[in-house]
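First up is the structure itself, then whatever we jot down about it.
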Amino acid sequence: MLKTVNNVIQVLEWKENITLKNIELFRQDMNNLLNQDSQNLILNLAETTYINSAGLGIIAESVVQAKRNNKELVISNMEDSIKEIFSIVKFSSFMKLFEVEEEAIEYFQAIAHD
């Protein structure tokens with residue numbers, strides 16, 4: 001589900017595991033997020049406990065594509081199993097990861113006032 005926060009932040013709330021059966025829907029939802037007018041994008045993974053390798057690729061490519069378009073995509077609300085995977089693949093080396101969505105929103109609000 002896509003929602004807008006404070007009129008300037010777009011949030012995609014993905015509420016299921018990312019598997020072969022829904023990978024194309026996840027890709028479409030990520031593309032929809034990237035195509036929003038906002039430069040501040042959050043992927044909320046609160047109810048996701050599994051991401052297959054294709055899903056990891058889509059997330060990584062989306063972060064890179066966002067940067068190319070002068071946008072920033074950050075990730076929030078990762079379960080411990082997802083945090084572990086993100087640590088193994090070193091996602092934190094090229095994207096911002098936040099414990100909860102509120103921290104990601106505060107991050108975007110802080111950089112907007114710089």
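All values below come from the heavy atoms of this structure, side chains included, with hydrogens, waters and symmetry mates left out. Keep in mind it's a predicted model, so treat the numbers as computed, not measured.
- Put simply, the side chain of Thr4 does not reach to within 4.5 Å of the side chain of Ile9, judged on heavy atoms.
- In this structure, Phe91 and Val63 have side chains that are not in contact, with every pair of non-hydrogen atoms separated by 4.5 Å or more.
- Closest non-hydrogen pair, Gly55 versus Phe26, comes out as O-CE2, 3.9 Å.
- Using a 4.5 Å cut-off between side-chain heavy atoms of Ile, Leu, Val, Met, Phe, Trp and Tyr, with links allowed through other members, Phe98 and Ile105 fall into the same hydrophobic cluster.
- Within the 4.5 Å cutoff, no side-chain heavy atoms of Thr19 are placed close to those of Ile51.
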Take Leu56 and Ile85 through the test side chain to side chain contact (heavy atoms under 4.5 Å, CB included) and record every step on the way to the result.
CA-CA 9 Å; Leu56 292 173; Ile85 292 168; 3.7 Å; yes

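- Hydrophobic clustering (side-chain heavy atoms under 4.5 Å, transitive across Ile, Leu, Val, Met, Phe, Trp, Tyr) groups Ile18 together with Met95.
- For the pair Leu45 and Ile75, the minimum side-chain heavy-atom distance is below 4.5 Å.
- When all heavy atoms of Ser62 and Leu34 are compared, the closest pair comes out as O-CD2, 3.5 Å.
- Between Thr49 and Asn17, the shortest heavy-atom distance links the atoms N-OD1, 2.7 Å.
- Distance alone, capped at 3.5 Å, is enough to place a donor-acceptor pair between the Thr48 side chain and the Glu16 backbone.
- Rounding to the nearest 0.5 Å places CZ of Phe108 at 9.5 Å from NZ of Lys96.
- Side-chain heavy atoms closer than 4.5 Å link hydrophobic residues (I, L, V, M, F, W, Y) into clusters, and following such links, possibly through other members, connects Leu25 to Leu73.
- Considering CD of Glu13 and CG of Leu33, their distance stands at 11.5 Å, rounded to 0.5 Å.
- Side chains of Glu72 and Tyr107: a donor on one and an acceptor on the other come within 3.5 Å.
- Criterion: ILVMFWY side-chain heavy atoms under 4.5 Å apart, direct or through other members. Under it, Phe86 and Val64 are not part of a common hydrophobic cluster.
- Remark: Glu61 engages Arg68 in a salt bridge, criterion side-chain N to carboxylate O under 4.0 Å.
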Hey, can you pull the donor-acceptor pairs under 3.5 Å for the side chains in residues 36-43, sequence neighbours left out?
{"from": "Gln36", "atom 1": "NE2", "to": "Asn32", "atom 2": "O", "distance (Å)": "3.0"}
{"from": "Ser38", "atom 1": "OG", "to": "Val8", "atom 2": "O", "distance (Å)": "2.4"}
{"from": "Ser38", "atom 1": "OG", "to": "Asn40", "atom 2": "N", "distance (Å)": "3.0"}
{"from": "Ser38", "atom 1": "OG", "to": "Asn40", "atom 2": "O", "distance (Å)": "3.1"}
{"from": "Gln39", "atom 1": "NE2", "to": "Asn70", "atom 2": "O", "distance (Å)": "3.3"}

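- Side chain of Asp29 to main chain of Trp14: no donor-acceptor pair is present (N/O by atom type, distance under 3.5 Å, no hydrogens or angles).
- A salt bridge links Lys83 to Glu99: one of the charged nitrogens lies within less than 4.0 Å of a carboxylate oxygen.
- Other residues, nucleotides and ligands place more than 12 heavy atoms under 6.0 Å from the CD atom of Gln65.
- Clustering ILVMFWY residues whenever any of their side-chain heavy atoms sit less than 4.5 angstrom apart, transitively, puts Ile59 in a cluster other than the one holding Val74.
- Between Gln109 and Asn6, some side-chain heavy-atom pair lies under the 4.5 Å cut-off.
- Side-chain contact of Glu101 with Asn77: a donor-acceptor pair under 3.5 Å is absent, judged by distance alone.
- Between Lys67 and Phe94, the shortest heavy-atom contact is NZ-O, 2.6 Å.
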